[in-house]
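Proteins come first, then strands; the chains are lettered A, B, ... in the order of their sequence lines, and each starts at number 1.
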2 protein chains.
Amino acid sequence: MTPSRPGASESRQPYHHGDLRRSLVDAALALVAEEQDWGFSLREVARRAGVSHNAPYNHFADKRDLLGAVANAGYEALQSRLTVLAALTAAPDEALVAIGVGYIRFGLENPAHYRLMFGPELVAGSGGPPASLLEAAGGAKSVLAEVLLRGARAGVFKAAPDDEQALGILVLSSWAMVHGLTLLLMDRLAGSALPDSIPELVARTLVDGIRVR
Amino acid sequence: MTPSRPGASESRQPYHHGDLRRSLVDAALALVAEEQDWGFSLREVARRAGVSHNAPYNHFADKRDLLGAVANAGYEALQSRLTVLAALTAAPDEALVAIGVGYIRFGLENPAHYRLMFGPELVAGSGGPPASLLEAAGGAKSVLAEVLLRGARAGVFKAAPDDEQALGILVLSSWAMVHGLTLLLMDRLAGSALPDSIPELVARTLVDGIRVR
DNA sequence: GCGTCTATGTTGTCGCCATCAACATAGCCC
DNA sequence: GGGCTATGTTGATGGCGACAACATAGACGC
């Protein structure tokens, strides 16, 4: 809430605002979480941050730009979460299950935020996603890749550690399955007759499928 | 284009409009395909259909309702496509690869339409998706379930044909993987160093993973 | 200290939108 | 043939995104 800018005055109304950019991202994030949608107006975000309806344009080119920053924050949170999980478990196959389940849980904790991270608005026409998003997403993906490489080196997974294409397909398959399941679950398309241990069961289906037997 | 209403007059300006509901869905579908987004206005849809900006409200409660109809049409098209593919191949494992690849291709042919089918707007708060959508999605899912059941009965897949939970997990795992890959590919998150036979390679990873060996 | 520069924030404005309400019309059924 | 109802149209209202013109407060040279 309070500013932490270098050289900011102590108790006054802080600077111009303090750190409006940050406040706007926070406000947008809160709105995404509350409304489970990002159809809210930029003006509403500005209102939340206590500034005029046009102040955001000093920090973001447009609404999409702001949402991109929100998505970016999501990728960072996801990556750090997965990194911790990957380090906690020594066995590569169990580590893969752990980050798979953790990934899905992350998505289900804030469905709209997760959806936003992969939302159509951010792909920006046919030019592909902006570089910053690609980078942030790549960071999360790399955690998965590390674990798979670890398992391949240990001879646990069905890919030679030096076969980049085979490893790439494994990474993509794994990512696709957890990504897809996360979305199917939040869309309530999984069917209700199944237990709520679905994430783990599916993750084990994945791991058992790529394990050397 | 021409009306097919019972008792419609022959050559005149047909009835009030003919079949506005259908025209609106078609116009919206065209807009989704063109703009690869559904941020267009309801008024734009009305313009395309050649009616006033308020006419759509006689057929749809609001914009979301119209988009729901568009999504529904997507599920129907997907289901019929998968049904054909599933019937074309006798061997269950190859049939699964075929519908997996066909599924992904369907999504990539019209990314925005595919995304809309699973879009957040349609989940309607925390009450879950409307019944019509659940039904349409279930139809597509059932094609997958049929093939997996076929393979289980043939002893090709790692699930007993009478173990509903195991089969359910297999269905969900398969759906999740193709769904996830479809979205990752359209988000350009798959990485560019990989060949464009990715869909088939991933589908085979899936099938090899659940095949009895 | 002081004047200027620039980043940041505000006010005002425009065209557009979703949605509601009131009104018009045309095919239908008795 | 006359009312009924489904379907379309016209006309608001409040809000929004984006732009432009203006205001202000720190920064920085002197």
Side-chain angles (χ1 to χ4, degrees), chain A residues 2-28 31-32 35 37-70 119-122 124-125, chain B residues 2-28 31-32 35 37-70 119-122 124-125:
Chain A
T2 51
S4 58
R5 287 289 299 262
S9 54
E10 298 87 6
S11 60
R12 306 283 312 277
Q13 204 83 335
Y15 193 38
H16 255 161
H17 170 104
D19 190 353
L20 182 55
R21 187 186 164 92
R22 162 75 108 189
S23 299
L24 288 170
V25 172
D26 287 348
L31 277 166
V32 168
E35 309 194 351
D37 188 20
W38 50 93
F40 51 79
S41 66
L42 199 47
R43 291 161 111 103
E44 174 69 20
V45 180
R47 250 173 257 133
R48 291 255 178 153
V51 293
S52 77
H53 67 266
N54 244 357
Y57 287 96
N58 282 314
H59 300 273
F60 301 97
D62 51 18
K63 187 179 170 184
R64 178 198 298 210
D65 196 18
L66 169 59
L67 292 179
V70 174
E121 295 86 352
L122 307 182
Chain B
T2 52
S4 57
R5 289 287 299 261
S9 54
E10 299 86 9
S11 59
R12 305 285 311 277
Q13 204 84 335
Y15 194 35
H16 257 158
H17 171 105
D19 189 353
L20 182 54
R21 187 185 164 92
R22 162 76 107 189
S23 300
L24 289 169
V25 173
D26 288 348
L31 278 165
V32 168
E35 309 194 351
D37 188 20
W38 50 93
F40 51 79
S41 67
L42 199 47
R43 289 161 110 102
E44 174 69 20
V45 180
R47 252 173 254 132
R48 290 254 179 154
V51 293
S52 77
H53 68 269
N54 246 356
Y57 286 95
N58 283 313
H59 300 273
F60 301 97
D62 52 19
K63 188 178 171 184
R64 176 198 290 201
D65 196 17
L66 170 59
L67 292 178
V70 174
E121 295 87 351
L122 306 182

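- Not a single donor-acceptor contact under 3.5 angstrom links the side-chain atoms of B:D62 to the base of C:dT19.
- As a whole-Å value, the separation of A:L24 CG from C:dT8 C1' is 12 Å.
- B:L67 CG to B:L42 CG: the interatomic distance, rounded to the nearest 0.5 Å, is 8.5 Å.
- Under the salt bridge (charged side-chain N to carboxylate O under 4.0 Å, His left out) criterion, A:E35 pairs with no residue at all, not counting sequence neighbours.
- Residue A:E121 comes nearest to A:W38 through the heavy atom pair OE2-NE1, 3.1 Å, listed as atom of the first residue, atom of the second, then distance.
- Whole-Å rounding puts the B:D19 CG to D:dT7 C1' distance at 12 Å.
- The side-chain hydrogen bond (donor to acceptor under 3.5 Å, both in side chains) check on A:R48 picks up A:E34, with sequence neighbours excluded.
- Among all heavy-atom pairs drawn from A:A46 and A:L24, the shortest one is CA-CD2, 4.3 Å.
- Partners of B:R47 according to the salt bridge (charged side-chain N to carboxylate O under 4.0 Å, His left out) rule, which considers only residues two or more places apart in sequence or in another chain, are B:E44.
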Under 3.5 Å, sequence neighbours excluded: what are the donor-acceptor pairs made by side chains of residues 54-62 of chain B?
from	atom 1	to	atom 2	distance (Å)
B:D62	OD1	B:R64	N	3.4
B:D62	OD1	B:D65	N	3.0

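- Separating the CZ atom of B:F60 from the C1' atom of C:dA18 is a distance of 16 Å, rounded to the nearest angstrom.
- In terms of polar N and O atoms assigned as donor or acceptor, the side chain of A:H59 never comes within less than 3.5 Å of the base of C:dG9 in a complementary pairing.
- A:V25 and A:A69 get closest at one heavy-atom pair: CG2-CB, 3.9 Å.
- In this structure, B:D26 CG and B:L20 CG are separated by 10.5 Å, a value rounded to the nearest 0.5 Å.
- Using a 4.0 Å cut-off, some side-chain N or O of A:Y57 falls inside it from OP1 or OP2 of D:dA18.
- With rounding to whole Å, B:R21 atom CZ is found 17 Å from D:dG8 atom C1'.
- Separating the CG atom of B:N54 from the P atom of C:dA21 is a distance of 11 Å, rounded to the nearest angstrom.
- On a pure distance criterion of 3.5 Å, no polar donor-acceptor pair joins the side chain of B:H53 and the base of D:dG8.
- The base of C:dG9 is paired with the side chain of A:N58 by a donor and an acceptor separated by under 3.5 Å.
- Within residues 37-52 of chain B, the residues that have a heavy atom under 4.0 Å from DNA chain D are, in order of number, B:V51, B:S52.
- For A:K63, taking side-chain heavy atoms from C-beta onward, the closest of the listed nucleotides C:dT19, C:dT8, D:dA18 is D:dA18.
- When the local axes at the two ends of the helix from C:dG1-D:dC30 to C:dC30-D:dG1 are compared, using 5 base pairs at each end, they differ in direction by 10° after rounding to 10°.
- Candidate nucleotides C:dT19, C:dT10, C:dG12 were compared by shortest atom distance to the side chain of A:A55, and C:dT10 ranks first.
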